[in-house]
*Asks:* 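Quick one: the structure is below, questions incoming.
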Amino acid sequence: MKNDNKNTEVSKDKNTQPFIKRTIQDSVFTNLFKDKKYLIQLYQALHPEDTTTTQEDIVTVTIQNILTDNSYNDLGILVGDLLLILVEAQSTWSKNIIIRALMYLMQTYNEYFRTQKVNLYSSKKVKIPKPELYVIFTGERSEKPEYISLSEEFFDGQDCAVDAKVKMIYNSEEGDIINQYIVFTKVCKEQVKLYGRSKKALSEAIRICKDRNVLKEYLENRETEVVDIMITLYDEQEIMERYVESEVAEAVEQAVEQAVEQADSEAAIRTTIEMCQDFGISTEETVQKLIDKFSLSKEMAENKVQEYWK
């Protein structure tokens, strides 16, 4: 793990009270599990059959954010001969997350071999920790497959040289650390709907979670830091949404122009849905774009989106 001294710096507000200003943007997900007290709970939720592993047996693997400069929300842990990679997906469902998990796995293996000074050119077979890939999905989705795989999603189930099987987690045993984290994210979303992306929404979410005994100890000890992290995340999301809106608008306009030239409205509609999916646009927003751009009824637009997912 990176030295905490490099992650933070002490500043002062108008009342000269010190507060923590983050220079490396952890998400609440990674910030929570930096504490081995919660990390062991995470491992036990995934492997309840293991009753002997202790906090000292778990090694956190630093996952560099190779895909984006935004907040870190991915975690790697080494427990004996197991290597667990956990990726968080907060709202947008995307099969690309399989590739993301696979990239992190390969990066982590590379770092593991380097630190262990493993000679991959030796004739002797090297030891390698067994990988487990997880995605914690905190968004809303009607279909909830237990696993998704590279071969199934990208190559129609055909045999391929490399495959990856990812276990999806939508919930967990009530009260365990994974369940508490998922509840926390959902409460935050509920409060954002009421108060927008504001400190008011965060304060209410934290109050509600503490009242429900959801991550209570963590939130009581690190409330200021959690608010700081979430405000940074909200700022990033707003910037990204503005960018996405402009990119999608341009892509949709191009699709419409091509449809006019080719007299193929169905192709244009499908292209629009694909563009929205690629840019992480929600189903509701995608439906609205179809209504606006193609003068479809709401029912027809919803049917078009549902047909795309079949």
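Being a predicted model, the structure only gives us computed values, none of them experimental.
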*Asks:* State the CD1-OG distance between I178 and S172, to the nearest 0.5 angstrom.
*Replies:*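 Here the interatomic distance stands at 4.5 Å.
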
*Asks:* Heavy atoms, side chains only, cut-off 4.5 Å: are V305 and N303 in contact?
*Replies:*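 Of all side-chain heavy-atom pairs linking N303 with V305, none is under 4.5 Å.
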
*Asks:* When rounded to the nearest 0.5 angstrom, what distance separates CD1 in I77 from CG in L39?
*Replies:* 5.0 Å

*Asks:* Any donor-acceptor pair under 3.5 Å linking the side-chain atoms of Q288 with those of D292?
*Replies:*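 Side-chain D/A pair, D292 to Q288: present.
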
*Asks:* Looking only at heavy atoms, what is the nearest atom pair of S151 and Q158, with distance?
*Replies:* CB-O, 3.5 Å

*Asks:* Is it true that atom CE of M300 has more than 12 heavy atoms of other residues, nucleotides or ligands lying nearer than 6.0 Å?
*Replies:* no

*Asks:* Heavy atoms, side chains only, cut-off 4.5 Å: are I85 and V61 in contact?
*Replies:* no

*Asks:* Is there side-chain contact between K298 and I291, with at least one heavy-atom pair below 4.5 Å?
*Replies:* yes

*Asks:* Apply side-chain contact (heavy atoms from CB on, under 4.5 Å) to the pair E223 and K210, showing each step before the final yes or no.
*Replies:* CA-CA 11 Å; E223 180 169 344; K210 287 193 293 188; 3.1 Å; yes

*Asks:* Without swapping roles, check the side chain of D228 against the backbone of T224 for a donor-acceptor pair under 3.5 Å.
*Replies:*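 Checking the backbone N and O of T224 against the side chain of D228, no donor-acceptor pair under 3.5 Å is found.
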
*Asks:* Below 4.0 angstrom, N of the basic side chain to O of the carboxylate: do K304 and E266 qualify?
*Replies:* yes

*Asks:* Flag the pair C209 / K216 as yes when at least one side-chain heavy-atom distance between them is below 4.5 Å, and no otherwise.
*Replies:* no

*Asks:* For the CG atom of N110 and the CD atom of Q107, what is their distance to the nearest 0.5 Å?
*Replies:* 8.0 Å

*Asks:* Treating Q41 as the side-chain partner and K37 as the backbone partner, does any N or O pair qualify as donor plus acceptor under 3.5 Å?
*Replies:* yes

*Asks:* Go through the steps for I177 and L215 under the test side-chain contact (heavy atoms from CB on, under 4.5 Å), then give the verdict.
*Replies:* CA-CA 8 Å; I177 197 69; L215 299 181; 3.7 Å; yes

*Asks:* Examine distances only and state if a side-chain atom of Q191 and a backbone atom of E204 form a donor-acceptor pair shorter than 3.5 Å.
*Replies:*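 It does not hold such a pair.
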
*Asks:* Report yes or no: does S198 contribute a side-chain atom to a donor-acceptor pair with the main-chain N or O of Y195 at less than 3.5 Å?
*Replies:* yes

*Asks:* Are T52 and D50 close enough that a side-chain donor and a side-chain acceptor fall under 3.5 Å?
*Replies:* yes

*Asks:* Is the backbone of T54 close enough, under 3.5 Å, to the side chain of D57 for a donor and an acceptor to pair up by distance?
*Replies:*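 Judged by distance alone, yes, a pair lies under 3.5 Å.
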
*Asks:* Does one hydrophobic cluster hold both L150 and Y147, with members joined at side-chain heavy-atom distances below 4.5 Å?
*Replies:* no

*Asks:* Counting only heavy atoms not in N119, do more than 12 sit closer than 6.0 Å to its CG atom?
*Replies:*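 Buried by this count: over 12 neighbours within 6.0 Å.
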
*Asks:* Quick one: pull up CD1 in I273 and CD1 in I269 and give me the separation to the nearest 0.5 Å.
*Replies:*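 I273 atom CD1 to I269 atom CD1 measures 7.0 Å (nearest 0.5 Å).
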
*Asks:* Could you go step by step and tell me if E56 and K36 meet the salt bridge (charged side-chain N to carboxylate O under 4.0 Å, His left out) rule?
*Replies:* CA-CA 8 Å; E56 289 69 30; K36 283 200 171 183; over 6 Å; no

*Asks:* Quick one, K95 with I148, criterion side-chain contact (heavy atoms from CB on, under 4.5 Å). Give me CA distance, side-chain angles, the key distance, then yes/no.
*Replies:* CA-CA 8 Å; K95 296 169 184 177; I148 54 177; 5.8 Å; no

*Asks:* Kindly work out whether a path of hydrophobic side-chain contacts (I/L/V/M/F/W/Y, heavy atoms less than 4.5 Å apart) joins V227 to L194.
*Replies:*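 Cluster IDs for V227 and L194 differ.
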
*Asks:* Apply the ring-ring contact (aromatic ring centres under 6.0 Å, His included) test between F29 and each candidate in F184, Y181, Y218; give the one that qualifies.
*Replies:* Y181

*Asks:* So if you build clusters from Ile, Leu, Val, Met, Phe, Trp, Tyr with side-chain heavy-atom gaps below 4.5 Å, do Y112 and M106 land together?
*Replies:*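 As far as the 4.5 Å side-chain criterion goes, M106 and Y112 are connected within one cluster.
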
*Asks:* Is there a donor-acceptor pair under 3.5 Å between the side chain of K189 and the backbone N or O of T138?
*Replies:*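 It does hold such a pair.
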
*Asks:* Is the shortest heavy-atom distance from the side chain of V187 to the side chain of V214 under 4.5 Å?
*Replies:* no

*Asks:* Decide side-chain contact (heavy atoms from CB on, under 4.5 Å) for I182 and Y170; before the verdict, give the C-alpha distance in whole Å, the side-chain angles of both, and the deciding distance to 0.1 Å.
*Replies:* CA-CA 8 Å; I182 292 172; Y170 309 95; 6.0 Å; no

*Asks:* Can you see which heavy atom on Y109 is nearest to which on P129, and at what distance?
*Replies:*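 The pair with the smallest heavy-atom distance is OH-O, 2.6 Å.
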
*Asks:* Would E190 and K193 count as a salt bridge (charged side-chain N to carboxylate O under 4.0 Å, His left out) here? Give the steps.
*Replies:* CA-CA 5 Å; E190 290 168 359; K193 287 181 180 179; over 6 Å; no

*Asks:* Could you tell me the separation between the CD1 atom of I99 and the CG atom of L105, rounded to the nearest 0.5 Å?
*Replies:* 13.5 Å

*Asks:* Would K167 and Y134 count as a cation-pi pair here, with the cationic atom under 6.0 angstrom from the ring centre and within 45° of the axis?
*Replies:*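 Because its charged atom misses either the 6.0 Å distance or the 45° angle limit, K167 does not stack over Y134.
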
*Asks:* In terms of heavy-atom contacts, does CD of E173 have more than 12 from other residues, nucleotides or ligands at under 6.0 Å?
*Replies:* no

*Asks:* Would you mind telling me which of I97, I136, I98, L133 makes a side chain to side chain contact (heavy atoms under 4.5 Å, CB included) with V87?
*Replies:*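 Of the listed residues I97, I136, I98, L133, the side chain to side chain contact (heavy atoms under 4.5 Å, CB included) partner of V87 is I97.
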
*Asks:* What's the spacing between I40 CD1 and I58 CD1 if we round to 0.5 Å?
*Replies:*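 These two atoms lie 3.5 Å from each other.
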
